[in-house]
Amino acid sequence: MKTYIYLNPKGSWHLLLLLVLLLCSCVNLQHVSDYATTSTTQLKTYDALGYSFSQACDDACGIMALRDLQLMTTDCHCAADSTADSVTTVICKGLKTYFDALSKLSGKETGKYKTSGFSKSLQAGSFGSVTITKPQATAYTQLAGLITDVIAGFYKHQKVREYINTANAPVQELLQALAFNIRDNLGGKLKAQQARLQSLYFDLANDSVATQYERTKAIQDYHATAQTLKTKAAELEVFAKGLDKLAKGHQKLYEERERLTLAACKAVLTEYSDQVNDLVDAFNKLKNNH
Amino acid sequence: MASLTAKQLTELANDFLGMAQSVGDYRYLHFGKLTKAQNKQFSDLHWSLLNYADDLFTQSATLVMDDVENALAQIKTISQEMTVSYKQLTKVQKAIDIATAAVTLGAAIFSKNPLAIIDAADALINVWKESS
């Protein structure tokens with residue numbers, strides 16, 4: 001005797017499918033993935049800074065050689081600056097790895113699966129004692145896909161929430177440390193270099209032995225070099241501001257981790273992502289105009 | 001004596017930078033009144049203070065590592081766990097692909113069509129190979 005599996009597509013199935021679809025819509029974490037991707041983009045601009053502790057050390061060495069009218073800059077002790085660069089790079093890489101993993105885990109690739117292959121393979125017909133009609137085959141396929149998505153989606157949601165909860169404290173600490181090294185320490189070294197430059201050119205511009213032309217030329221050179229340093233300082237500040245925004249965004253994620261799918265959370269996170277994107281654009285403009 | 005923190009070192013560096021700025025400004029303002037030797041003395045003092053500040057900024061940046069060591073280790077562990085979770089979720093797609101190929105083979109066997117069986121078996125082998 002044949003067994004008929006009864007599935008009425010117009011009956012309770014609609015309600016069940018609707019419920020499943022509703023559940024599916026609850027675990028869309030694309031906004032989290034977008035925020036994490038933006039964060040990775042922001043952190044990547046670190047490589048484009050074009051200024052480092054080692055560079056600052058070389059520059060300081062160069063200007064001191066100029067002051068002493070030495071052709072060769074042999075006494076550059078930049079080992080400590082090289083270590084400072086390593087520390088800063090390690091922090092940046094650690095954060096990049098985290099945001100990259102968060103982006104992947106909360107992204108489209110996970111929790112949404114292609115089950116179209118089922119509809120091709122699960123065809124209507126008689127299979128031993130079982131008979132499947134065409135609408136039944138389609139319904140089975142859809143349901144299998146949706147259930148898979150729901151289970152995976154909830155697993156994903158739970159995991160993302162768990163990781164954000166554990167990661168917030170170290171993420172905040174690392175973002176603060178990175179901003180501190182870039183804004184306060186590297187920025188501080190840049191200020192020292194600006195002061196050296198001013199001192200050097202002040203003497204050149206006031207050199208009583210120099211001609212009027214030489215003095216004018218010294219002032220022109222000073223303004224050009226000072227402008228370059230000013231642009232570098234602006235780049236460091238824009239980068240650090242971007243890090244501040246990332247920290248605020250992650251803090252928001254942490255505070256709203258139980259309500260990640262709410263529209264309000266999505267809106268705030270999108271706003272942070274937009275602000276970080278604007279800062280990345282501002283950084284690129286500074287780099288290109290330089 | 002307790003050693004200074006990264007933040008304290010940066011504060012100190014900024015103090016040196018401020019002192020250097022004051023010395024520099026004094027020299028620029030009184031340049032005409034100072035003798036050549038006095039000017040050289042102020043200039044040397046100015047540059048020394050700038051170098052101290054510079055070195056302190058570098059030391060502070062290096063010392064940051066002590067502050068963030070635990071945070072770095074934590075974030076490394078979390079990132080690794082996230083990658084494992086991500087891989088588990090992507091494996092679901094592989095499982096679906098294998099199941100789909102297996103169902104196709106089953107349907108082909110029921111159809112008793114030898115060519116369809118061979119095609120379906122090949123497809124299953126390929127999906128399996130791609131997944132492993």
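Below, chain A is the first sequence line, B the second, and so on; all start at residue 1.
Classification of the A/F202-B/Y28 ring pair by plane angle, with boundaries at 30° and 60°, yields tilted.
Of all heavy-atom pairs spanning A/Y163 and B/M82, the tightest one is CD1-CG, 3.3 Å. Contact record, B/A61 with A/V87: O-CG1, 3.5 Å, taken as the closest heavy-atom pair. Among all heavy-atom pairs drawn from A/E173 and B/V68, the shortest one is OE2-CA, 3.8 Å. Across B/A71 and A/P170, no two heavy atoms sit closer than the pair O-CB, 3.6 Å. When all heavy atoms are compared, the tightest approach of A/G94 to B/I75 is O-CG2, 4.0 Å. Contact record, A/A195 with B/L50: CB-CD2, 3.6 Å, taken as the closest heavy-atom pair.
Contact annotation for B/A6: both backbone and side-chain heavy atoms come within less than 4.5 Å of a heavy atom of chain A. For a residue to count as touching a neighbouring chain, one of its non-hydrogen atoms must lie under 4.5 Å from one of that chain's; by this rule A/F53 touches chain B with the side chain only. In this structure, chain B has heavy atoms under 4.5 Å from both the backbone and the side chain of A/I91. Interface remark: A/D85 contributes no atoms to any contact with chain B (heavy atom separation under 4.5 Å). No part of B/F16 comes within reach of chain A, as not one of its non-hydrogen atoms sits under 4.5 angstrom from that chain. Both the backbone and the side chain of A/L102 come within less than 4.5 Å of a heavy atom in chain B. Within the 4.5 angstrom heavy-atom criterion, atoms from both the backbone and the side chain of A/A80 approach chain B. Heavy atoms of A/D81 lying under 4.5 Å from chain B belong to its backbone as well as its side chain. Contact annotation for B/Q80: neither backbone nor side-chain heavy atoms come within less than 4.5 Å of a heavy atom of chain A. Contacts between B/L17 and chain A at a heavy-atom distance below 4.5 Å involve the side chain alone, from C-beta outward.
Comparing A/D184, A/L95, A/L186, A/T83 by heavy-atom pairs within less than 4.5 Å of chain B, the highest count is held by A/D184. The candidate with the highest count of non-hydrogen atom pairs below 4.5 Å against chain A, out of B/Q59, B/Q21, B/Q74, is B/Q74. Heavy-atom pairs under 4.5 Å with chain A peak, among B/G24, B/A13, B/S43, at B/S43.
Looking at heavy atoms from C-beta onward, B/N51 lies in side-chain contact with A/M64 at the 4.5 angstrom threshold. Counting heavy atoms from C-beta on, the side chains of B/D67 and A/Q176 never come closer than 4.5 Å. You'll find the side chain of A/I63 reaches within 4.5 Å of the side chain of B/W47, heavy atoms only. By the 4.5 Å heavy-atom criterion applied to side chains, A/R67 and B/D44 are counted as neighbours. Put simply, the side chain of A/T97 does not reach to within 4.5 Å of the side chain of B/K76, judged on heavy atoms. B/Y86 is not listed as a side-chain neighbour of A/K159, based on a closest heavy-atom distance of 4.5 Å or more. Between B/R27 and A/S199, the closest side-chain pair of non-hydrogen atoms falls below 4.5 Å. Residues B/H46 and A/Q198 form no side-chain contact, since every pair of their non-hydrogen atoms from C-beta on lies 4.5 Å or further apart.
Residue A/K96 places its NZ atom among more than 12 non-hydrogen atoms of other residues, nucleotides or ligands, all under 6.0 Å distant. Residue A/N165 places its CG atom among more than 12 non-hydrogen atoms of other residues, nucleotides or ligands, all under 6.0 Å distant.
Expressed to the nearest 0.5 Å, how far CD of A/Q158 lies from OG of B/S85 amounts to 9.5 Å. Annotation: the span from B/T10 atom OG1 to A/R183 atom CZ amounts to 12.5 Å, rounded to 0.5 Å.
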Apply side-chain contact (heavy atoms from CB on, under 4.5 Å) to B/M65 and A/V90, showing your working. CA-CA 9 Å; B/M65 195 60 186; A/V90 161; 4.2 Å; yes

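Between B/K40 and A/D203 there is no salt bridge, since no side-chain N of the basic residue sits under 4.0 Å from a carboxylate O of the acidic one.
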